[in-house]
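Just so it is clear, the model here is predicted, and its values are computed rather than measured. Counting starts at 1 for both ligands and their atoms, in listed order.
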Amino acid sequence: MNELDALVTEAQQSFAQAATPADLENAKAQFLGKSGRITEWMKGLAALSVEEKKSRGAAINAAKQVIEAALTARRQTLAEAELQQQLQAEALDVTLPGRRRGQGGLHPVSLTLERIELIFGSMGFEVADGPEIESDWFNFTALNTPQDHPARSMHDTFYVESPAGATPNLLRTHTSPMQIRHAVQQVKKYRTALDAGQPIPEIRVIAPGRTYRVDSDATHSPMFHQCEGLWIGESVSFKDLKFIFTAFCRTFFESDDLVLRFRPSFFPFTEPSAEIDIQFQRGPLAGRWLEVAGSGQVHPNVVRNMGLDPEKYIGFAFGMGPDRLTMLRYGVNDLRLFFDGDIRFLSQFQ
Ligand code: DAH
């Protein structure tokens, strides 16, 4: 092997050993740089004869070309390796599930309230909303509940501090005050027609919302939900109540063979009054009577407090417990689960 061949081999080895582009550029300088080995060889030509210059010069150029080719090849290899490394480092695993923000969802009781509104809405009922801090008048007196009624006891009711001498306000113990509030509003709206003895549209409303009592166990919570219903007109009867409420329960529970029972009861604001029980014919609750609402024909004193003539206007009202409806629908046996805010429980309803 002549010396030039040895130089080429050395350069090739040196390039092959360069692990980075920077190493490679250093190696290049050694062989192809201004004071590199090839340049030295070129300088050596000066001392030779013309003939020798020709042949040696050609040999040096050939060696130089091989070295340059080796350099280019190595550069490319290193660049590709670098690219591969970068691709690997920045690789995205597109099969990994993304990090999503929890979507949240409606509370099971809210789902029930939506359902109640939808069903009664489809039967022509308006939805009304009212204050949770209520006056004694709307919560009790206007609803024909006498001063000494046990429901007014401090044990049953959360009273709100009021100026000395004033009748204390309270957290409403039921949604029934909305019967009066809504009817009074309607009466005001149709005052002229009423005064002229003309007919007014029937009052048909539901009022869902939060209610409060001093009560706490597996089936009672100090804050709970109720939904009031009221239908007043010139000839609204108990049979309409039965029809409406049966249709509601069957739709709500998606069960056509659900049976209803109206059990005589007492409420100051209705006469006669009835507790409404339902019975499933199938499923885990089949055969048991389950109480779902209080109801009755609106008491003449209440109709009067609405600003209507009880000789002319008559109707029914009901009050049901959406919490209980939710428990029955989903088979939940402890009411407190709804209000603990445990996401493991709540997320099961999404
Ligand atoms: N307000 C009653 C309660 O909380 C429920 C009720 C019973 C509402 C009869 C009514 C009704 O509208 O007619 O226990």
**Asked** Within 45° of the six-membered ring axis of Phe252 and under 6.0 Å from that ring's centre, is NZ or CZ of Arg329 located there?
**Response** yes

**Side chains of Ser221 and Asp323, donor plus acceptor under 3.5 Å** = no

**Request:** Verify whether one side chain among Gln147 and Arg152 offers a donor that lies under 3.5 Å from an acceptor in the other.
**Result:** yes

**Request:** Working to the nearest 0.5 Å, report the span between CZ of Phe280 and CG of Leu285.
**Result:** 6.0 Å

**Request:** With a 4.0 angstrom cut-off on heavy atoms, strictly below it, pick out the residues next to ligand 1 and order them by chain and number.
**Result:** His174, Ser176, Gln179, Arg213, Gln226, Glu228, Phe267, Phe269, Thr270, Gly294, Ser295, Gly296, Ala317, Phe318, Gly319

**Asked** Can you list every pair that meets side chain to side chain donor-acceptor pair (under 3.5 Å) and has a residue in residues 52-63, with sequence neighbours left out?
**Response** Ser49-Glu52

**Request:** Identify whether the distance between the nearest side-chain nitrogen and carboxylate oxygen of Glu228 and Arg172 falls below 4.0 Å.
**Result:** no

